[in-house]
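Computed from a prediction, not measured in an experiment: that's the story for all the values here. Only heavy atoms go into these numbers, but all of them, side chains included; no hydrogens, no water, no symmetry mates.
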Amino acid sequence: QVQLVESGGGLVQAGDSLRLSCAASGGTFSRYGMCWFRQAPGKDREFVAAISQNGAWIKYADSVKGRFTISRDNVKNTVYLQMSSLKPEDTAVYYCAASNTVVSSTIRPYRYWGQGTQVTVSS
């Protein structure tokens, strides 16, 4: 069973950049498809980006396409989310999650979740 720990969140201004990291332990990281979701206060958790086990398949939500980049390092057992041109509407708790089955933009395949990291973007 894999454990996930996110880091890198914080308070930034609109237009700034942040890089989130999600460190995995307790499993064979390269066997897991990984994703990032986010949840703003009062809203449902929403898909942000996903990456397949070998990094060959990547998908983004339309709202972040062109601004966010997901990547992974299977040696460091870490998945990253590089966020640029941040907007106030990007404010949310960001969660990474792992799936040992399919990789998709839906929550269902992701069995393992981190505790989340807060990203706040001021205008």
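- Closest approach of Ile70 to Tyr60, counting heavy atoms only: N-OH, 3.0 Å.
- In this structure a side-chain-to-backbone donor-acceptor pair under 3.5 Å is missing from Arg108 to Ser104.
- Between atom CG of residue Leu18 and atom OG of residue Ser84 there is a gap of 10.5 Å, rounded to the nearest 0.5 Å.
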| said: Evaluate Leu81 against Val48 for side-chain contact (heavy atoms from CB on, under 4.5 Å), listing each step before the verdict. | reply: CA-CA 9 Å; Leu81 186 68; Val48 176; 4.1 Å; yes
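- For Ser30 and Thr28, the side-chain atoms include no donor-acceptor pair closer than 3.5 Å.
- Listed by first and then second residue, the ring-ring contact (aromatic ring centres under 6.0 Å, His included) pairs involving residues 9-53 are Tyr32-Tyr112, Phe37-Phe47, Phe37-Tyr110, Phe37-Trp113 (not counting sequence neighbours).
- Side-chain N or O atoms of Arg67 include one that pairs as donor or acceptor with a backbone N or O of Ser85 at under 3.5 Å.
- Separating the OG atom in Ser105 from the NZ atom in Lys59 is a distance of 3.5 Å, to the nearest 0.5 Å.
- Under the salt bridge (Lys or Arg N to Asp or Glu O under 4.0 Å) criterion, no residue pair touches residues 70-89, with sequence neighbours excluded.
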| query | Does the pair Val103 and Trp57 meet the rule for a side-chain contact (heavy atoms from CB on, under 4.5 Å), with working shown? | reply | CA-CA 9 Å; Val103 183; Trp57 180 88; 3.4 Å; yes
| task | I would like to know whether Ser52 and Asn54 meet side-chain contact (heavy atoms from CB on, under 4.5 Å); could you show each step before the answer? | result | CA-CA 6 Å; Ser52 62; Asn54 63 2; 3.2 Å; yes
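- Remark: Ile58 CD1 to Met34 CE distance equals 13.0 Å, nearest 0.5 Å.
- Within the structure, ring-ring contact (aromatic ring centres under 6.0 Å, His included) pairs that include any residue of residues 71-103 do not occur (at least two apart or interchain).
- Note that the OG1 atom of Thr101 and the CZ atom of Arg111 stand 9.5 Å from one another [nearest 0.5 Å].
- Between Gln39 and Asp44, every side-chain heavy-atom pair lies at or beyond the 4.5 Å cut-off.
- Between Thr117 and Val93 there is no side-chain heavy-atom pair separated by less than 4.5 Å.
- Judged by distance alone, with hydrogens and angles left aside, the side-chain atoms of Thr91 form no donor-acceptor pair with the main-chain N or O of Thr120 at under 3.5 Å.
- In this structure, the separation between CD1 on Ile107 and SG on Cys35 is 8.5 Å, given to the nearest 0.5 Å.
- Of the possible donor and acceptor atoms, one in the side chain of Ser122 sits under 3.5 Å from a partner among the backbone N and O of Val12.
- Formation of a donor-acceptor pair under 3.5 Å by the Ser99 side chain with backbone atoms of Pro109 is found in this model.
- Once rounded to the nearest 0.5 Å, the distance linking CE of Met83 with CG of Leu20 reads 3.5 Å.
- Here the shortest heavy-atom pairing between Val2 and Ala24 reads CG2-CB, 3.7 Å.
- Pairs engaging residues 49-123 under the disulfide bond (SG atoms under 2.5 Å apart) rule: Cys22-Cys96 [sequence neighbours left out].
- Residues Ser71 and Val79 share a closest heavy-atom pair of O-CG2, 3.1 Å.
- Screening residues 25-40 for salt bridge (Lys or Arg N to Asp or Glu O under 4.0 Å) gives Arg38-Glu46, Arg38-Asp90 as the qualifying pairs, with residues at least two apart or on separate chains.
- Among residues at least two apart or in separate chains, there is no salt bridge (Lys or Arg N to Asp or Glu O under 4.0 Å) pair with a member in residues 2-19.
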